[in-house]
Amino acid sequence: MATDAGQTNTDRPYLRIYFACANQYVRVYRRPDRACYIARCPQCSMTKTFRVGVGGTSNRFFELTCR
Ligand SMILES: [Zn+2]
């Protein structure tokens, strides 16, 4: 049976972020209490918030430069 009304949390959504600053790919999971993702640069600790969902982006891959 299919229930489309509720959310299925069987697999957690995530984004893949490439930090040019650190030359690393980072997988960012969504915060359970927010409809956003917070990516953190492993090199310089800069953070960037992505909003995903209705009205947001459906892109799953981003490249970030910290400058
Ligand atoms: Zn950085």
Heavy-atom closest contact (F50 atom, A39 atom, distance): CE1-CB, 3.9 Å
For the atom pair CZ (R60) and CD1 (I17), what is the distance rounded to the nearest 0.5 Å? 10.5 Å
For T47, enumerate each residue passing the side chain to side chain contact (heavy atoms under 4.5 Å, CB included) test, keeping only those at least two apart in sequence or located in another chain. I38, R40
Charged tip of R16 within 45° of F61 ring normal and under 6.0 Å: no
Measuring only between side-chain heavy atoms, which start at C-beta, is F62 closer than 4.5 Å to V28? no
Answer whether the closest heavy-atom distance between the side chains of V26 and P42 falls below 4.5 Å. yes
Rounded to the nearest 0.5 Å, how far does CD of Q43 lie from CZ of F19? 11.0 Å
Nearest 0.5 Å, what's the CD-SG distance between Q24 and C41? 8.0 Å
Does a side-chain heavy-atom distance below 4.5 Å link L15 with R27? no
In chain order, what residues pass the side chain to side chain contact (heavy atoms under 4.5 Å, CB included) check against A20, with sequence neighbours excluded? Y18, T65
For R67, which residues count as a side chain to side chain contact (heavy atoms under 4.5 Å, CB included) partner, sequence neighbours excluded? none
